[in-house]
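The structure displayed is predicted, hence computed values, not measured ones. Start at 1 and go down the list; that is how both ligands and their atoms are numbered. For this chain, numbers begin at 1 and follow the sequence in order.
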Amino acid sequence: MNTRSQKIYQEITTAFQENRRLLAVLLDPDKVDVEQIKSLVAKINQSPATHILIGGSVVFSNLIEKIIAEIKLFTHLPVVLFPGNPSQIAQNADGILFLSLLSGRNPDYLIEHQVQSAPLLKKSNLEIIPTAYLLIESGGITAVERVTKTVPISRENIDEAVATAQAGELMGNKLIYLEAGSGALKAVSKEMIEQLSLSVEIPIIVGGGIRTKEGIELAYKSGATMVVIGTAFENNIEFFNQILND
Ligand code: 1GP
């Protein structure tokens, strides 16, 4: 019998059904100072964030578990792994986005990493959320593109993005992560989010290059259930205070 928790996914689907907005803060373990976690998390607690994502395309830090343990001392928000590769799996997180980079054609990111991590994940208590990960061209070369050696879907090619998301849904993925890449010059377009949200019946996460209140609002209005903010908060710990007071 499968007794694994589905709490995180249930919360996301409820938000999706009720048209509620979720906001994730993405923390890159390489950029988190363990000594500063208490104050960092205090800022997150004061913000509209509903989830903490942790991970990155490449992570050199071997402190992920320590960072998560420290985060959990100061918040009840769910901590969800967003791993660039299996080395970023930490047993003390609450869940993991089990990603397949469906926009690309690199077998390592379509199946090899999943095979490597499956035995470990089966033994863990992590909530596992199968997620179709689509990288969209963003006006520059992002770390995801460089590291995965995959070609993003063109910003103009909405049909390909839709078909890829639909394939992801039919393969059993529970979420679509529409990604422009961390620090992207251009976020995923309103038109693409809108068309995808009309074409699949699972929640859509949108991230990459969103750095203003307007950008966040636009993603929600276009159909995103969850928006991910990484760089904007990393560069300015007051980011959420500023958008709340705008
Ligand atoms: C990256 O979508 C996330 O995977 C967040 O991107 O760092 O540009 O906010 P930013």
Less than 4.0 Å is my threshold; does some heavy atom of G209 fall inside it relative to ligand 1? yes
Would you tell me whether [X] and [Y] have side-chain atoms, one donor and one acceptor, within less than 3.5 Å of each other?
X: N45; Y: T75; result: yes
X: Q195; Y: E191; result: no
X: E179; Y: Y133; result: yes
X: Q242; Y: N236; result: yes

Atoms of ligand 1 less than 4.0 Å from [X] heavy atoms?
X: G208; answer: 2 (O), 3 (C), 5 (C), 6 (O), 8 (O)
X: G183; answer: 7 (O), 8 (O), 10 (P)
X: T231; answer: 7 (O), 8 (O), 9 (O), 10 (P)
X: G207; answer: 2 (O)
X: F82; answer: 4 (O)
X: L26; answer: 1 (C), 3 (C), 4 (O), 5 (C)

Pick one: which of I205, V228, L99 meets side-chain contact (heavy atoms from CB on, under 4.5 Å) with F82?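 Exactly one option meets the side-chain contact (heavy atoms from CB on, under 4.5 Å) with F82, and it is L99.
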Option among L110, D108, L135 that satisfies the side-chain contact (heavy atoms from CB on, under 4.5 Å) test with L101: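 Of all the options given, the one that passes is L135.
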Applying a heavy-atom cut-off of 4.0 Å, say which part of E179 lies close to ligand 1: side chain, backbone, both or neither.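 E179 to ligand 1: side-chain contact only, backbone stays beyond 4.0 Å.
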Could you check atom 3 (C) of ligand 1 against the protein and tell me its nearest heavy-atom contact, residue, atom and distance included? Y177 OH, 3.5 Å
